Visitor: 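Sharing a structure here in structure tokens format.
Everything numeric in this text was worked out from a predicted model, so none of it was measured. Chain identifiers are assigned alphabetically (A, B, ...) following the order of the sequence lines, protein sequences preceding nucleic acid strands; residue numbering begins at 1 within each chain.
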Amino acid sequence: MTLPKAYEWKEHEDKIYQSWEDSGMFNPDNLPDGEPYTIALPPPNVTGTLHLGHAVMLAIEDVMIRYQRMQGKKALWIPGTDHAGIATQTKVEKILIKEGIADPRHELGREAFLKRVEEFAAESHDTIVNQAKKMGASLDWSREAYTFDEARSKAVKTVFKMMYEDDLIYKGDRVVNWCPRCKSTLSDDEVEYREEKSKFYYFKYGPVIIGTARPETKFLDKTIIVHPADERYQDMIGKEFDVEWIDGKVAANMIADEAADKDFGSGAMTITPGHSMVDFELAKKHDLPIVKIIDEDGNFTKAAGEFAGKNARESRDEIVARLQEKGLVDRIDEDYVHNLSICYRCDSAIEPLPKIQWFIDVNKKFKHHVSGKEVSLKQLMQEAVKSDDIQIIPDRFNKIYFHWIDNLRDWNISRQIWYGHRVPVWYKGDEIYVGVEEPAGEGWEQDPDTLDTWFSSGLWTFSTLGWPDKTEDYKMFHPTNVLETGYDILFFWVARMILMTTYAVGDVPFKNVYLHGLVRDKDGRKMSKSLDNAIDPLDMIEKYGTDALRLALMVGTTPGNDSRLYEEKIAGYRNFVNKIWNVSRYVLLQEVGDQIKEESLADKWIKSRLADVINKVTADIENYRFSAAAELAYDFLWHEFADWYVEITKFQPNPLLAQEVLETTLKLLHPFVPFVTEVLWQELGKEQMLLISEWPQASEIDRDKKMEKEFALLQDIVIQIRNLRGQYKISYAKQISVYSANNISPQVREIIEKLCKVDFGDKIKDSASTEITNAKYSLTINLGDVIDVVAEQKRLQKEIDKLNGYVIGLEKKLGNESYTGNAPADVVERDKKNLAEKKETLTILRESFEALS
RNA sequence: GGACGAUUAGCUCAGUUGGCUAGAGCGCCUCGUUUACACCGAGGAUGUCGGGGGUUCGAAUCCCUCAUCGUCCACCA
């Protein structure tokens with residue numbers, strides 16, 4: 001069998017994935033009995049293609065799942081996609097507009113429009129599935145789910161009904177976030193902020209000066225708020241005023257509330273209850289009327305008098321001009337910087353306005369159907385994390401999570417977009433019906449609104465397992481073990497899942513949350529289309545192979561921290577993958593005899609090192625330190641197995657052991673680089689796939705630390721001799737003769753001879769010889785006529801000075817009683833030993849120096 | 001305004017509960033094609049661990065403080 005010199009991933013990856021899929025082993029039903037281990041894949045939005053964020057997610061989760069599968073668990077990784085209501089609808093609208101349909105929703109109508117969305121979603125879905133497979137993700141495709149399919153709809157309606165009956169879902173008339181482009185409301189979390197410079201106006205309003213950035217909302221303002229402790233307004237509080245305003249006289253009054261900031265502007269403000277969240281709360285507190293003056297299209301309502309029907313934002317200048325005419329403009333600040341609220345999906349400016357919407361009450365106490373306790377949803381969310389039933393990694397996100405809950409207001413769950421779960425509420429006259437099934441009888445009309453997409457994804461861990469039916473899957477695989485996702489959707493999704501799951505099934509959705517960071521470009525910028533700095537995972541796979549990409553996305557990253565990706569990094573791991581290939585190729589070329597051979601020093605060493613690496617890699621994966629685990633396996637394969645062990649086996653062969661060590665190393669590497677390891681596993685002639693092989697185990701007994709130390713000293717000597725070659729520029733073509741007064745075993749002697757290209761011989765009386773020494777070895781190296789005596793003396797002097805400084809420092813430390821008295825005995829002992837060694841080395845160096853003069 | 005993170009070699013980053021003379025990859029320099037690999041091998045250079053203070057026998061690691069960059073939350077009308 002001959003393997004090509006370089007690993008050709010394109011020849012293997014698709015075939016290997018196919019063979020994994022054909023084996024059925026991604027499906028836990030086909031795995032041997034074991035403890036269940038579940039991860040629900042965060043479902044990608046069906047808005048197009050996968051990006052690097054998805055690639056990171058797939059890589060990390062695949063590591064966890066493959067590891068657990070090899071540990072003998074019934075490992076289940078559930079795939080799926082998210083219909084992502086607003087995001088998908090926005091995307092399709094953009095496409096249709098490009099196709100020349102100016103107002104898609106109007107021109108097509110609900111049914112035709114939804115058909116187009118569904119076509120697009122189906123296409124995206126196929127692309128996504130394909131990409132996930134390219135990444136090597138060992139997902140159980142037989143259990144694939146969609147947030148908008150039949151089974152998930154049933155779960156959605158069931159939970160809605162439960163919450164409605166518990167009075168947790170209510171219909172309320174409140175100021176909500178309205179996106180005039182999406183023509184829909186948004187939850188508070190779906191609003192983003194963008195800093196913007198704009199004009200800030202100061203107007204004369206009766207006896208006070210008020211400030212505002214939005215004059216067009218101020219038509220009907222008639223309540224002035226000041227701080228109760230503001231001395232300027234003490235005698236005006238509670239009074240009424242006749243104020244000349246935009247559209248004539250207004251009857252205003254002044255009230256005191258701590259919401260007013262004495263130090264901002266004039267300290268007095270008027271409030272607009274209908275078009276500001278904060279003012280709305282204030283208005284409710286003081287029982288003020290709420291009037292809608294701007295409608296869903298951004299136009300003035302009749303309440304705005306002669307301005308009715310005009311676009312509000314566009315009328316701003318006109319309104320200011322009107323006030324100017326009336327002499328009511330005090331001054332205008334041109335450089336006012338404030339945060340404009342924008343829609344997280346389309347960046348349009350949000351228009352807060354009063355609207356009747358469905359809400360989930362997060363503060364109301366209710367009797368929980370499982371525990372029977374009186375709790376609120378907020379309390380459920382807090383309890384799940386506080387009690388440690390859910391562990392967030394890294395744990396600093398706990399604080400962020402709790403802070404979010406503290407600030408959480410009732411969740412607006414209804415949307416006016418079309419692509420989504422219809423609110424399962426039907427009306428007939430004054431009758432209202434809420435249910436999973438459609439109401440019987442004629443004349444029922446369903447609520448036109450759809451549900452927030454996060455309502456359905458909040459049910460993901462259990463809706464994917466067949467809930468509300470108590471299926472075998474649900475019993476076996478819920479709660480899931482880990483929820484792995486980016487920290488950017490902690491609130492959107494993770495928190496909502498905790499809310500929905502603790503409420504609906506009375507259990508946590510997952511035991512651990514692992515949050516990864518964002519993938520940025522080489523300069524630390526977010527990858528985006530507008531910057532044109534986005535890296536397409538598929539391009540990288542094409543260029544460097546999936547295994548390389550996976551490593552590049554995982555190594556050198558820590559949970560919760562952003563990482564940077566660039567091609568050189570991926571190329572580096574491509575090199576490593578090739579190294580795996582080639583060292584395996586070498587091992588495979590060796591004939592494995594069946595004779596039992598006595599183990600060499602190197603054999604014992606590599607076995608001990610392997611045991612150590614097995615333990616550490618296992619511990620690191622168990623503790624979510626994936627980067628560290630991969631690095632350890634990388635380092636072992638390349639810098640211990642290939643660089644030392646395999647080199648030594650070239651003259652002290654033990655092909656059987658070499659192969660065994662290789663096999664185990666392939667197992668350790670498999671979760672990280674599944675493709676190349678599986679290919680090699682098959683080249684090794686294994687019948688069973690590496691995918692379901694058993695994860696290696698080692699105990700401390702398998703380690704021989706004494707042997708490792710001894711071997712390290714041998715390595716040290718080899719490196720020192722190689723160093724000399726470098727220093728004196730002695731080519732490897734030239735043999736050097738060495739002498740040792742100590743007895744060195746033939747095996748060790750051979751290692752030194754072969755690895756350093758030296759010959760052992762008699763002691764040479766030559767001034768140009770040098771001593772190389774450590775705790776175990778002491779060699780005299782004959783440097784013949786290649787040495788420059790003056791240069792060597794200089795070098796030695798430098799080294800002596802350096803070491804001398806170190807020895808003095810160490811002596812001082814050891815002479816300090818507070819140190820020797822307080823530090824642990826073994827630490828002091830180590831220092832003492834170290835000092836003795838260094839002193840010895842110093843003596844030898846000084847002798848060498850003398851010998852040269 | 002509040003919270004959090006980052007600051008370690010030229011670059012990108014590790015560094016678990018404080019403890020061997022602080023590590024890796026890339027890049028750079030020197031040498032080298034020895035029956036796996038030039039996507040390679042052998043070696044080398046480069047760090048007041050952001051600044052200052054403190055705790056400790058001992059600090060990259062813990063505490064205080066300042067600075068710079070970044071993120072999230074809240075939001076002043």
Visitor: Between A:K522 and A:E568, is there a salt bridge with N-O shorter than 4.0 Å?
Guide: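 Between A:K522 and A:E568 there is a salt bridge, with a charged N closer than 4.0 Å to a carboxylate O.
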Visitor: Between B:G43 and B:C57, how far apart are the C1' atoms? Round to whole Å, please.
Guide: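 These two C1' atoms come out 38 Å apart once rounded.
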Visitor: If the sugar-phosphate is the primed atoms plus P, OP1 and OP2 and the base is the rest, what is the B/S/- string for nucleotides 3-15 of chain B, using protein heavy atoms under 4.0 Å?
Guide: SSS-----SSSSS
Visitor: Is there a side-chain contact between A:N723 and the phosphate of B:G44, meaning an N or O under 4.0 Å from OP1 or OP2?
Guide: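 Looking at the OP1 and OP2 atoms of B:G44, one of them is under 4.0 Å from a side-chain N or O of A:N723.
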Visitor: Surrounding NZ of A:K526 (heavy atoms of other residues, nucleotides or ligands, distance under 6.0 Å), is the total greater than 12?
Guide: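 12 or below, so no.
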Visitor: Would you measure the distance from the P atom in B:A42 across to the matching atom in B:A6 and give it in whole Å?
Guide: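 Here B:A42 and B:A6 have their P atoms 35 Å from each other.
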Visitor: Kindly indicate whether the side chain of A:Y7, heavy atoms from C-beta on, has any atom under 4.5 Å from the side chain of A:I580.
Guide: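 Contact flag for A:Y7/A:I580 side chains = no.
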Visitor: Is the ring centre of A:F672 less than 6.0 Å from the ring centre of A:Y573?
Guide: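 No.
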Visitor: Would you indicate which nucleotide in B:A74, B:A36, B:U71 comes nearest to any side-chain atom of A:N339?
Guide: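 Comparing B:A74, B:A36, B:U71 against the side chain of A:N339, the answer is B:A74.
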Visitor: Are there runs of at least three consecutive Watson-Crick or G-U pairs touching RNA chain B, with each pair's two distances under 3.5 angstrom? Give them by first number.
Guide: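 RNA chain B forms these stems: B:1-7 with B:67-73, B:10-13 with B:23-26, B:28-32 with B:40-44, B:50-54 with B:62-66.
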Visitor: Considering only the C1' atoms, how many Å lie between B:G44 and B:C49, rounded to the nearest integer?
Guide: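 So the two C1' atoms sit 23 Å from each other.
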Visitor: Counting the atoms with a prime plus P, OP1 and OP2 as sugar-phosphate, which does A:V587 contact under 4.0 Å by heavy atoms, base, sugar-phosphate, or nothing?
Guide: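 A:V587: no heavy atom of the nucleic acid under 4.0 Å.
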Visitor: Reckon A:I719 touches a base, only the sugar-phosphate, or nothing at all at heavy-atom distances under 4.0 Å?
Guide: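 The residue A:I719 makes sugar-phosphate contact but no base contact.
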Visitor: With rounding to the closest Å, how many angstrom separate the C1' atoms on B:C72 and B:U56?
Guide: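 36 Å, rounded to whole Å.
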Visitor: Return no unless some side-chain N or O of A:N575 is found under 4.0 Å from OP1 or OP2 of B:C37.
Guide: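 Negative; the distance criterion is not met.
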Visitor: Looking at every strand, decide which applies to A:K579 at a 4.0 Å heavy-atom threshold: base, sugar-phosphate, or nothing.
Guide: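 It contacts base atoms.
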Visitor: Just call it for A:W9: base, sugar-phosphate, or nothing, with non-hydrogen atoms closer than 4.0 Å on any strand.
Guide: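 If one applies the 4.0 Å heavy-atom cut-off, A:W9 turns out to touch nothing in the nucleic acid.
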Visitor: With nearest nucleotide decided by heavy atoms, which residue, A:G572 or A:K218, maps closer to the 5′ end of RNA chain B?
Guide: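 The residue whose closest nucleotide sits nearer the 5' end is A:G572.
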Visitor: A:N407 side chain: which of B:A74, B:G25, B:A42 is closest?
Guide: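 The closest nucleotide is B:A74.
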Visitor: If you take atom types as modelled and just measure distance, does the side chain of A:E647 reach the base of B:A36 with a donor-acceptor pair under 3.5 Å?
Guide: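 Donor-acceptor pair under 3.5 Å: yes.
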Visitor: Is the shortest side-chain N/O distance from A:H639 to OP1 or OP2 of B:G25 below 4.0 Å?
Guide: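 Looking at the OP1 and OP2 atoms of B:G25, one of them is under 4.0 Å from a side-chain N or O of A:H639.
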Visitor: Look at A:R214 together with A:E216 and state whether they make a salt bridge at an N to O cut-off of under 4.0 Å.
Guide: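 Yes, A:R214 and A:E216 are salt-bridged.
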Visitor: Between A:K705 and A:E708 (salt bridge meaning N to carboxylate O under 4.0 Å), is one present in this structure?
Guide: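 Salt bridge absent between A:K705 and A:E708.
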Visitor: Going by atom types alone, do A:E190 and A:Y344 pair a side-chain donor with an acceptor below 3.5 Å?
Guide: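 Yes, side-chain donor-acceptor contact under 3.5 Å.
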Visitor: Provide the distance between the two P atoms, one in B:C20 and one in B:G15, to the nearest whole Å.
Guide: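 After rounding to an integer number of Å, I get 16 Å for this pair.
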Visitor: Give the nucleotide from the list B:G43, B:C75, B:C39 with an atom nearest to the side chain of A:R409.
Guide: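 Closest nucleotide to the A:R409 side chain: B:C75.
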Visitor: Give a yes-or-no answer on whether the side chains of A:D562 and A:Y487 include a donor-acceptor pair shorter than 3.5 Å.
Guide: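 A pair is found: one side chain offers a donor N or O, the other an acceptor, under 3.5 Å apart.
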Visitor: Can you check whether A:K650 has a side-chain N or O nearer than 4.0 Å to OP1 or OP2 of B:A36?
Guide: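 Yes, because at least one side-chain N or O of A:K650 sits under 4.0 Å from OP1 or OP2 of B:A36.
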Visitor: Under 30°, 30 to 60°, or over 60°: which ring-plane class applies to A:W638 and A:Y634, parallel, tilted or perpendicular?
Guide: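 Ring orientation, 0 to 90° scale: tilted.
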Visitor: Would you indicate what A:H275 reaches in the nucleic acid, counting non-hydrogen atoms under 4.0 angstrom: base, sugar-phosphate, or nothing?
Guide: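 Result for A:H275 = nothing.
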Visitor: Remember a base hit wins even if backbone is also touched, and classify A:A642 as base, sugar-phosphate or nothing at under 4.0 Å, heavy atoms.
Guide: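 The residue A:A642 makes base contact.
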Visitor: Checking all strands, does A:F576 fall into the base, sugar-phosphate, or nothing category for heavy-atom contacts under 4.0 angstrom?
Guide: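 No contact.
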Visitor: What integer number of Å spans the P atoms of B:A3 and B:U46?
Guide: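 Nearest-Å result for B:A3 against B:U46 at atom P: 42 Å.
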